[in-house]
Amino acid sequence: MEFLYNLMIPIIKVAVVFAVTLLHVAYATYFERKVIGRMQCRIGPTEVGPYGLLQPFADMFKSLFKEDIIPAKADKAVFFIAPVIVLAPTMSSLSVIPFAEGFMIADVNVGMLFILACASLSVYGIILAGWSSNSKYAFFGGMRSAAQVISYEIAMGISLASVFLMAGSVRLDEIVKAQYEYTFSMYAPHLLIGFVVFLIAAFAETNRTPFDLPEAETELVAGYLTEYSGFRYALFFLSEYVAMFIMSSIITLCFLGGWTIPRFITDILPFLSYVPGILWFLSKVYFFMFFYYWIRATIPRYRFDQLMAIGWKILIPLSLLNLLIVAFVKRFVID
Amino acid sequence: MEITEGQNIGLHTQELTLNMGPQHPATHGVLRLILEVDGEVVKNCIPHVGYLHRGVEKLAEYRAYPSVMPLTDRLDYISSMVNNIGYCIAVERLMGIEPPPRAKYIRTLLSELTRISSHLLWLATHALDIGAMTVFLYCFREREWLLELFEMLIGARLTVSYPRIGGVRCDVNREFLCNLKEFIKEFPDRIVQYETLIDQNRIWLKRTKGIGVISAEEAVRWGLTGATLRGSGVNYDVRKKMPYDAYDEIDFDIPLGSNGDVYDRYRCRMEEMRQSVKIIEQCLDRMPEGPILAEDAPDLDMNPRGHRMLDGEFSVWGAGLAFTDEFVTTPKGELYSAVEAPKGELGFYIVSDGTGRPYRMRLRSPSFIHASAIPRLCKGHYIADVIAVIGTIDIVMGECDR
């Protein structure tokens, strides 16, 4: 009985987390289209369902029933498996994210490292997708993506290292708890450089504007996605949004205090402490999702060499500097 | 350790040939570029044109002068009004017809409206190519307004065929004028709106400054015209150098760049839109009353050559103009006439054999000449800059391929 209980609880948790996340991801696309639409003097989707609310499902069904086109000279096996390689690690990183206090699928003691590892793994899918398509545009997209993700992951990792130093742990729930002790109950004001570096790197990591070069429409048609259609395309699309969701969650957890709100607010308005933590978490995550869209609607795209220059010449030195400062502060001021 | 290239250590390396277009999101229609790239750096670039060839020049030889007009609509379909006007002016100069002043002012006004709408489309696609998506939609908002203005006046939005040889088709109506006044009052603020998004944007500056640089002398040698030339600092504008319509009576400036890069050409076109508003305001203020079509303007069904040959009696007319109720002949000779189209100098070279049809009509289309300069502007830059270069020369394939 106990065995069954131990088995069932994680399965139910997995089901709940995945269902809820996928629903969120589906509506993240709707949210994006509405937000960007409003910013651009348009109204976004309105036709499917009330206020266009069923649009994500219509899109999903459309891509499910579309013809699955495989280029004649593509490497079929790799072409088939590439979207899965992108999606699987991205989805599994959801398992270690604490959405609220004590609510995570797997309580791993290296939670943050696991997410970083997963993010690195999904790059393989993109490179393979670009390579197997046997198309020059896809190839360029794959190569760009590989170079981009690798160089920005360094900056990202180093800026996160400062968080680990401050918190003394790589468990996401402990990072959140450690932040609660600080004035604003978040690391963002204290680790400002790291926060900004991570934020920029997150854009590059998820291939969003202004770093959307791997799929830069006007240069590379659709980058590594060029030859993909139908359901396989939808898988890439899905993983991009899940990745955005995860990146927003990491920023929320590591820099903005996760499911907590600053103590001075609850001191003034005590009733706010009864609000479930997941609401704070989600509102912070959605703020960053909105931020992604906002940036997309505002600024142009970098060129590839400029992107690499920013990564290597600005972000990595900055994140190292941040790490150094944090190490000194931690050693000589806090301890 | 010395870093060696592949060839130095005995490996065979070869540039990658990348076929960009004719179906590509950023080649503005059906331009095809064969790029030879080393990594992301463009080593060579060969533009291929002709995917939109319809034989406009040949078709014109089989039509009476007034019936050529709808063909010119389809050259640079973004600014069909200027093509029409350019063609009308060429034929007027050939026939010695002087349009009435009101018609001249209406034409000037509409030329500038067309210039704004063309530049809006240029800015929209150029910004979208570089990744600024919102500018694209903002520009289309105003372009839609302009097209509605055209629809109010003409009934057509894109292929207008509004001018006539010796004037214009119909007078401007009150509804059009009211809306136009509202537009020119509002539009300068809208230009500021676009500029807030990109003008000082660091990414935009990084993507446009120092890209596609061409010196003044070289730009002249490549035959560049319009804002593409003025970005390099050459003060050449057909509206000033060879004034037509009402331009010699109107006060406006020619914005000039200095570096000849993508950014300077962008600045030039943005300023040109402001100057266009200024010209439109002056046209509205000074527009005289009077007829809109010259009295000696030929009819729409100017008789075709074949018909005339059957009737021997008309062959005695020889040189000079002769009008009857239905037949017009033209003086014999050749003529080059140019107007300042939004893309550059649009020239019509007409050879007349004295009949009612052009014997030969050759178009000097700026897009075709600019397309030949793409390799010069692209070499040594990155793939992403090729897109910026295509955007900056404002190419329209309908005009390029004719």
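Chain letters run A, B, ... following the sequence lines, proteins first, then strands; residues in each count from 1.
The neighbour count for R202(B) CZ, taken as heavy atoms of other residues, nucleotides or ligands under 6.0 Å away, does not exceed 12. Shown here is L192(A), whose CG atom has more than 12 heavy atoms of other residues, nucleotides or ligands within 6.0 Å. Other residues, nucleotides and ligands contribute more than 12 heavy atoms inside 6.0 Å of the OH atom of Y77(B). Around atom OH of Y292(A), more than 12 heavy atoms belonging to other residues, nucleotides or ligands sit under 6.0 Å away. Within 6.0 Å of CH2 in W294(A) there are 12 or fewer heavy atoms belonging to other residues, nucleotides or ligands. The environment of Y124(A) atom OH is sparse: at most 12 non-hydrogen atoms of other residues, nucleotides or ligands sit within 6.0 angstrom. For CZ of F31(A), the number of neighbouring non-hydrogen atoms (other residues, nucleotides, ligands) closer than 6.0 Å is greater than 12.
Contact annotation: the side chain of L137(B) never approaches that of C41(A) to less than 4.5 Å [non-hydrogen atoms, C-beta and beyond]. Taking the side chain as every heavy atom from C-beta outward, M20(B) and Y137(A) approach each other to under 4.5 Å. Counting heavy atoms from C-beta on, the side chains of I299(A) and W204(B) never come closer than 4.5 Å. The shortest side-chain heavy-atom distance between R303(A) and I211(B) falls under the 4.5 Å cut-off. With contacts defined as side-chain heavy-atom distances shorter than 4.5 Å, the pair T134(B)/T298(A) does not qualify. Using a 4.5 Å heavy-atom cutoff, the side chains of N19(B) and K136(A) are not in contact.
Panel note: side chain K206(B), backbone Q306(A); no donor-acceptor pair is recorded below 3.5 Å. Remark: side-chain polar atoms of R207(B) are paired, donor with acceptor, to backbone N or O of R301(A) under 3.5 angstrom.
Closest non-hydrogen pair, P300(A) versus I198(B), comes out as CG-CG2, 4.5 Å.
A salt bridge links R144(A) with E40(B): the closest approach of a Lys/Arg side-chain nitrogen to an acidic carboxylate oxygen falls below 4.0 angstrom.
If you measure heavy-atom distances from L205(B) to chain A, you find no contacts under 4.5 Å at all. Contact annotation for V37(B): only side-chain heavy atoms (C-beta onward) come within less than 4.5 Å of a heavy atom of chain A.
When each of F136(B), Y138(B), F140(B) is checked for heavy-atom pairs under 4.5 Å with chain A, Y138(B) comes out on top.
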Please lay out, stage by stage, how F304(A) and I383(B) fare under the test side-chain contact (heavy atoms from CB on, under 4.5 Å). CA-CA 9 Å; F304(A) 188 65; I383(B) 295 178; over 6 Å; no

